Amino acid sequence: MSKQSSNNPPPEPSGKPVLADNRMLALFAETVEQAPVAISITDDKANILYVNQAFTRVTGYAPEESIGRNESMLSDKNTPKAVYDELWNRIKSQQIWQGYLLNRHKDGRRYLADLTIAPILNDRHETTHYIGMHRDITEMYRLEQRVNQQKVLIETVVDSIPVATVLLDESDRVVLDNKMYKTLSSDLGLSDPARTFIDILREDMAEEWERMKKKKSGFHNREVRFDRGGHHAPRWYACAGSWFCQEDDRVEAFFHENSHTYLLLTLTDITQQKKHAEEIRINALKALMAEEEKTQRLRETLSGAIHHIQGPINLLKAAKTMLTRRGLDDRNIALVDILDQIRSAGEQSVAHMKRCIPESNTSAMTPVNLNQLLHETIVLLTERLLASGIVVEWKPTPVLPALMGQESHLRTMFKQIIENAIEAMNQSGIVTRELRISTWSDKHLLHVSIEDTGPGIPDELRIKVFEPFFSTKNDGHGGHSGTGLTMAQEVINQHLGLIRIDPSYRDGCRVRIQFNIHNMMFVPEKASDHG
């Protein structure tokens with residue numbers, strides 16, 4: 001066989017083409033690089049040779065900070081020596097080791113790593129490298145611990161004190177209840193609270209409810225918030241239920257198997273626990289919203305300045321156009337040149353201010369309880385309401401369907417509208433100062449009504465008040481940017497809702513807000529009078 005010419009490419013081996021193999025290798029390398037789990041490759045002494053992107057995200061160390069160093073750099077030194085001994089004994093025996101290590105992030109915080117290490121062998125069955133894969137499971141561990149602690153706490157409470165217990169048939173009719181259930185009925189002002197709780201749980205659990213019912217399994221610690229309104233504070237209940245079957249004992253069922261399904265439902269009052277958590281949450285919200293308000297004021301100030309500067313710039317453009325149309329002589333040319341310089345300087349200032357405007361925070365769409373948001377807003381504004389001598393009438397529908405929305409944006413929007421109402425009622429001459437807030441729902445819509453006894457808004461301004469930089473508060477003190485209702489309108493638009501000022505309300509101002517329960521485009525229905 002003659003020697004192949006060096007100018008000709010070597011023949012492709014049988015099987016897959018070389019190009020395909022190269023592509024697969026490249027794909028494999030890219031897969032490892034982009035894998036969501038932290039991957040590192042070391043030599044047989046655990047010195048790092050390669051790390052992927054997820055390794056940097058989990059540990060905080062960039063490739064240039066980790067390659068060449070030993071994996072021990074991640075150790076927090078608190079993992080028992082016996083764990084490391086087992087690890088090395090196993091991988092030196094060319095076996096895969098899986099376990100947990102306490103590591104330290106680059107920023108100094110500890111994290112729990114779920115780690116798998118596997119030896120890489122050469123053709124002679126010698127270990128040349130190790131590949132390690134690990135995940136940060138700190139939060140998962142914490143959550144498991146919290147769940148376990150809550151489970152122990154709830155079981156202890158249930159074992160030591162009575163809880164409201166009710167047995168329901170397939171039609172949700174009460175078959176059996178206890179004394180605590182009757183007390184619950186009285187406390188909530190409901191003749192049959194089980195039906196209300198069942199409706200809430202069924203909607204919240206959706207398909208899971210029917211699946212559990214079919215499997216005759218159960219659920220635990222499903223939290224339900226109940227807003228009675230008025231002077232009654234919100235209450236929380238941890239619901240647990242289990243389904244079971246009972247055979248039909250009638251004679252006609254002898255040759256035909258028949259059974260009835262029952263639900264044993266327990267309702268544990270966890271209001272006190274929640275109150276403490278809500279107090280912490282409210283304090284955190286106060287700090288957070290204070291920062292957001294500073295940012296919003298800066299945003300409004302800069303937007304207002306841009307709005308006012310843009311007017312003279314437009315006038316300069318108009319003046320230049322007029323001079324140009326009249327014809328340019330030496331004097332006009334000089335004047336036009338000056339106008340251009342002033343306009344250019346103004347536009348540069350506007351552009352600079354636009355770059356200085358802080359960006360709006362964006363948050364994920366999550367199920368939102370409007371009753372909770374409104375109640376939190378009232379709590380946040382309690383000091384201002386008391387200082388202004390305003391009586392609040394809070395009339396929520398006890399339970400509302402959840403709305404998919406951006407919680408922080410909605411809370412800020414409600415706060416802005418209520419603050420507008422407070423300012424309106426603080427004007428001189430207003431004797432009766434009442435704020436009425438109510439919520440309700442129908443088949444497709446969630447409704448919110450916010451009424452005040454201020455001077456109201458004239459019919460001709462009901463649309464104009466939503467325009468940027470327009471304000472009805474001409475009190476001579478300034479400080480009103482006229483962007484509050486504009487911001488509210490933007491938030492409502494983001495949630496495919498509707499906001500309007502009710503023209504039929506003559507005792508002040510009534511703001512009506514509607515949201516589609518499923519956040520789909522809809523034709524708003526005419527809101528009926530409520531409250």
Side-chain angles (χ1 to χ4, degrees), residues 144 147-148 150-228 234-271 273-274 367 369 371 397-404 441-444 446 517-518:
E144 289 177 350
V147 169
N148 291 335
Q150 288 180 351
K151 183 179 179 182
V152 171
L153 174 62
I154 292 174
E155 288 176 349
T156 302
V157 171
V158 171
D159 287 342
S160 61
I161 63 172
V163 296
T165 305
V166 59
L167 184 65
L168 305 164
D169 65 13
E170 293 174 323
S171 300
D172 298 335
R173 290 176 299 196
V174 176
V175 177
L176 181 68
D177 61 12
N178 66 351
K179 182 178 179 180
M180 288 301 297
Y181 178 77
K182 293 180 174 66
T183 302
L184 175 68
S185 177
S186 175
D187 290 344
L188 298 183
L190 299 173
S191 59
D192 191 1
R195 285 184 177 271
T196 300
F197 281 91
I198 289 296
D199 289 341
I200 301 166
L201 292 167
R202 185 182 284 119
E203 181 175 348
D204 179 52
M205 297 170 66
E207 296 177 357
E208 186 181 4
W209 176 275
E210 294 300 328
R211 185 172 64 253
M212 286 185 172
K213 182 178 180 180
K214 185 177 181 180
K215 291 183 177 180
K216 305 300 180 289
S217 58
F219 58 90
H220 303 279
N221 302 330
R222 291 279 181 171
E223 293 185 2
V224 172
R225 176 187 171 112
F226 189 93
D227 283 278
R228 190 174 176 183
R235 300 182 67 169
W236 287 265
Y237 295 89
C239 305
S242 58
W243 282 274
F244 64 92
C245 286
Q246 185 177 35
E247 296 300 327
D248 194 338
D249 57 0
R250 294 178 300 173
V251 174
E252 55 267 32
F254 182 81
F255 290 105
H256 305 281
E257 290 186 4
N258 191 20
S259 62
H260 297 284
T261 300
Y262 295 90
L263 172 64
L264 181 64
L265 181 67
T266 60
L267 308 170
T268 306
D269 192 331
I270 57 171
T271 303
Q273 299 95 307
K274 276 294 192 178
N369 185 326
N371 279 346
T397 292
V399 178
L400 286 177
L403 172 73
M404 288 301 296
S441 65
D442 51 36
K443 187 175 181 180
H444 302 291
L446 292 171
I517 293 175
H518 304 291

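Every value quoted in this text rests on a predicted model; they were computed, and no experiment measured them.
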* To do: Tell me, with the steps shown, if Tyr262 and Asp169 meet side-chain contact (heavy atoms from CB on, under 4.5 Å).
  => CA-CA 5 Å; Tyr262 295 90; Asp169 65 13; 4.0 Å; yes

* **Test side-chain contact (heavy atoms from CB on, under 4.5 Å) applied to Glu223 and Cys239, step by step** => CA-CA 6 Å; Glu223 293 185 2; Cys239 305; over 6 Å; no

* To do: Check step by step if side-chain contact (heavy atoms from CB on, under 4.5 Å) holds for Arg195 and Asp192.
  => CA-CA 6 Å; Arg195 285 184 177 271; Asp192 191 1; 3.3 Å; yes

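The two residues Pro401 and Glu203 make their nearest non-hydrogen contact at CB-OE2, 3.2 Å. Taking all atoms of both residues into account, the shortest heavy-atom contact from Thr271 to Pro234 is CG2-O, 3.8 Å. The two atoms that bring Arg225 and Asn369 nearest to each other are CD-ND2, 3.7 Å, heavy atoms only. The two residues Thr397 and Asn371 come nearest to each other via the heavy atoms O-ND2, 2.8 Å.
Residues Phe244 and Leu167 have side chains in contact (heavy-atom distance under 4.5 Å, counting atoms from C-beta outward). Using a 4.5 Å heavy-atom threshold, the side chains of Leu403 and Pro367 count as separate. Within the 4.5 Å cutoff, the side chain of Pro398 has no heavy atoms near those of the Arg228 side chain. Proximity of Leu265 to Phe219: side-chain heavy atoms (C-beta onward) are separated by under 4.5 Å at one or more points. Between Cys245 and His260 the shortest side-chain heavy-atom distance does not fall below 4.5 Å.
The distance from atom CG of Leu168 to atom CG of Leu264, rounded to the nearest 0.5 Å, is 8.5 Å. Atom OG1 of residue Thr266 and atom NE2 of residue His220 lie 8.5 Å apart, to the nearest 0.5 angstrom. Taking CD of Glu208 as the start and CZ of Arg211 as the end, the distance is 5.5 Å to the nearest 0.5 Å.
When atom types are taken as modelled, the side chain of Glu170 and the backbone of Thr261 share a donor-acceptor pair closer than 3.5 angstrom. Judged purely by atom type and a 3.5 angstrom limit, Asp177 has no side-chain atom pairing as donor or acceptor with the backbone of Tyr181. In this structure, Arg222 contributes its side chain and Asp204 its backbone to no donor-acceptor pair below 3.5 Å. Ser185 contributes a side-chain N or O that, together with a main-chain N or O of Leu190, makes up a donor-acceptor pair within less than 3.5 Å. With hydrogens and angles disregarded, a donor-acceptor distance shorter than 3.5 Å links the side chain of Asn178 to the backbone of Val163. Under the 3.5 Å distance criterion, the side-chain polar atoms of Asn148 are matched with a main-chain donor or acceptor of Glu144.
Note on Asp172 versus Arg202: salt bridge recorded, some NZ/NE/NH1/NH2 to OD/OE distance being below 4.0 Å.
Phe226 and Tyr237 have their aromatic ring centers separated by at least 6.0 angstrom.
Just one residue in the list Ile270, Val224, Asp227, Leu188 forms a side-chain contact (heavy atoms from CB on, under 4.5 Å) with Arg235, and that residue is Leu188.
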